[in-house]
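This report refers to the structure that appears directly beneath it.
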There are 2 protein chains.
Amino acid sequence: KIINIDSAAGVLTCQSGCVLETLDQTLEQHGLMMPLDMGSKGSCNIGGNVSTNAGGLRLLRYGSLHGTILGLELVQANGDILDLLSTLKKDNTGYHLKNLFIGSEGTLGMITAVAIQCPPFPKAVNLAFLGVNSFEKVIDTFQLAKSMVSEVLSATEMIDAKSIDACLEQFGFKRPVGNYPFYMLIETQGSHMAHDEEKLQNFLQKAIDCGIVEDGVVASEPSKIRQLWEIREKVPVAIPKMGYTLKYDVSLPLKYFYSVVPEIQNRIGDEGIAFGYGHVGDGNIHLNIVLPKFKQEVVDKIEPYVYEFVSKYKGSISAEHGVGFRKREYLHF
Amino acid sequence: KIINIDSAAGVLTCQSGCVLETLDQTLEQHGLMMPLDMGSKGSCNIGGNVSTNAGGLRLLRYGSLHGTILGLELVQANGDILDLLSTLKKDNTGYHLKNLFIGSEGTLGMITAVAIQCPPFPKAVNLAFLGVNSFEKVIDTFQLAKSMVSEVLSATEMIDAKSIDACLEQFGFKRPVGNYPFYMLIETQGSHMAHDEEKLQNFLQKAIDCGIVEDGVVASEPSKIRQLWEIREKVPVAIPKMGYTLKYDVSLPLKYFYSVVPEIQNRIGDEGIAFGYGHVGDGNIHLNIVLPKFKQEVVDKIEPYVYEFVSKYKGSISAEHGVGFRKREYLHF
């Protein structure tokens, strides 16, 4: 199913049915990694990732599929095969048709093969798990990380207290730091362990000294890093166990990033609980709302209001999970 | 002409007539830089860069415009304005039409405004200028740099001896290292001077120890870096001073990257001189051929043969400078 791996140029060519995690594991043996990563990596196919323009955890560092996909092979509705399977990094002959298919969710054709630019497999990975007192300080922490951890910064995630509590309760994880309204994961991926650790430690020291971070732990061991990431990755699995769950995947400009959560909470009062977590570095928040059980009146309070709210602040009502069938009628927002 | 700079999110929104270098200088005051850079930065406009999908010197590090352009405003031939000026990093509502306009050279509409993702302005820049004995060793050097300089690697350029000699002769530059068949520039951009210098020095030491690099100088001072880059940037200006010049901008898979130069030299014998230089990290070589004066018989030996050759090795006949009027009839290659 893998067609070719060019380790020198860092290009993978494969069929669309390959599972993301399998590709990542195979590439590791060639000193490379996939430029996208997400909680569902164990089951999702690369063809589906491209077709929905999946973003994931490390878009901040490695960029979107519009930047990393070099070529596609497609089958159109009439059966014609469109061979755009170039592996060149620079190619300006004709329109960049392949980009039209990225994120088109199969409406223009089926993706059958993919050529993708792969970054080097990181020799050093470090992860900080932080407790933060306000959303303003989450933004300050993100800014400081961009400045001090800079080129090795590979992910900046935010989880609110309600989301963490749901996850700890459902899965029995140990709380990594004390009780705070917000938690963050700041990850580095680089080539030099001592350099990266120094950058991350200096960042954490400064963040605590200037009062934007309350508490933090740093992990360098793969098993410890895995444990901390698991808390983040299990949040979207834990929340739906608590009741009837509505999920929204929206982008918002940074300063309005979290505002959608208290806004919806106010609107529904004690008829449900609003949770927020997501990729603060990419402006992409996952808003989840749990109702004790399905109740049309409460859903009516949320939809289309949530789309109007996102639209008012010039956000996107579909950040990384595509449009599908449910959001079609709201695309005009 | 600049519409907005969002330093927190790292997004510039501006009109299409802005000059690339002016944008870069303005962004520096906000701790940001333009993700693309090229020799013509002092005169080229961002609208033209997007319209031709310009690649430039640092695509290796910061990616193509398909990855960094977040939004465009366009005027279509019938006068309709298409407002795709989103500044969101993740947005999956509808087809990604803006990507169709990137590199379409005005054939679908005129770009009037641009929103672009900008990386942080680097606090540390270092540059190595190397002498290398063969093209095989140029590839080895590139691979070693990717592995040892890794996340701070911002450019890997190659210049052949004939190109350097032309440049030194025309502009009176001092030769930075001894006489070798190939020269390379390896640049780092990062956040921590001591870390970056250590990475680059370790790389150079190893490259010399294992015999892939013969000689090298490293510069950390801005004025010295400027001087070394000037040699590379003046190569395309120096060559045309030597006679009637044919220029080709092609992509080739890495192992065939330089082969087009001796191939064409063999074909034209002593009727002209073939020069090669370019972005080895992106597989993009600039092939220049100088004839003492225009001679149709010699041009006939080169065209369409050069396009056939590139096509045979699955390269692109237009890597980063677009198609324009002259290459239209060769697009089928």
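All heavy atoms count here, side chains included; hydrogens, waters and symmetry mates do not. Residue numbers start from 1 in every chain, and the chains themselves are labelled A, B, ... in the order their sequence lines are given, proteins ahead of strands. Predicted, not measured: the structure shown is a model, and the values here were computed from it.
- In terms of heavy-atom pairs under 4.5 angstrom with chain A, the leader among B:T87, B:T68, B:L108 is B:L108.
- For the set B:Q143, B:H279, B:K255, the count of heavy-atom pairs under 4.5 angstrom toward chain A peaks at B:Q143.
- When each of B:S251, B:S104, B:P253 is checked for heavy-atom pairs under 4.5 Å with chain A, B:S251 comes out on top.
- When the candidates B:S318, B:G67, B:G281, B:G103 are compared by the number of heavy-atom contacts under 4.5 Å with chain A, B:S318 comes out ahead.
- Here the closest non-hydrogen pair linking A:G315 and B:L88 is C-CD1, 3.5 Å.
- With hydrogens and angles ignored, the 3.5 Å screen pairs a side-chain donor or acceptor of A:K146 with a backbone N or O of B:A8.
- Heavy atoms closer than 4.5 Å to chain B are found in the side chain of A:F142, but not in its backbone.
- Both the backbone and the side chain of B:I317 come within contact range of chain A, with heavy atoms under 4.5 Å apart.
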Given side-chain contact (heavy atoms from CB on, under 4.5 Å), test B:L59 with A:K89 step by step and report yes or no.
-> CA-CA 9 Å; B:L59 184 131; A:K89 286 176 219 182; 4.3 Å; yes

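- Residue contact with chain A, scored on non-hydrogen atoms closer than 4.5 Å, involves the backbone and the side chain of B:S147 alike.
- Side-chain atoms of B:Y95 and A:T107 include a donor-acceptor pair closer than 3.5 Å.
- With a threshold of 4.5 angstrom between heavy atoms, A:T52 approaches chain B through N, CA, C or O but not through any side-chain atom.
- Counting non-hydrogen atoms of neighbouring residues, nucleotides and ligands closer than 6.0 angstrom, the NZ atom of B:K123 exceeds 12 such neighbours.
- Side-chain contact check for A:H195 and B:K199: at least one donor-acceptor pair (N or O, by modelled atom type) lies under 3.5 Å.
- When heavy atoms are compared at a cutoff of 4.5 Å, B:I69 does not approach chain A at all.
- Remark: A:H192 NE2 to B:D196 CG distance equals 11.0 Å, nearest 0.5 Å.
- Distance check, rounded to the nearest 0.5 Å: NZ of B:K314 to CG of A:D91 gives 12.5 Å.
- Heavy-atom neighbours of A:K247 NZ from other residues, nucleotides or ligands within 6.0 Å: above the threshold of 12.
- Checking side-chain atoms of A:E320 against main-chain N and O of B:N92 turns up no donor-acceptor pair under 3.5 Å.
- Of the possible donor and acceptor atoms, one in the side chain of B:E151 sits under 3.5 Å from a partner among the backbone N and O of A:S191.
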Residue pair B:H96, A:N99: steps toward the side-chain contact (heavy atoms from CB on, under 4.5 Å) verdict = CA-CA 7 Å; B:H96 293 82; A:N99 289 283; 5.8 Å; no

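- Only the backbone of B:S7 has a heavy atom closer than 4.5 Å to any heavy atom of chain A.
- Remark: the backbone N or O of A:G56 is paired with a side-chain donor or acceptor of B:K90 at under 3.5 angstrom.
- Side-chain contact between B:L100 and A:L97: present, with at least one pair of heavy atoms (C-beta onward) separated by less than 4.5 Å.
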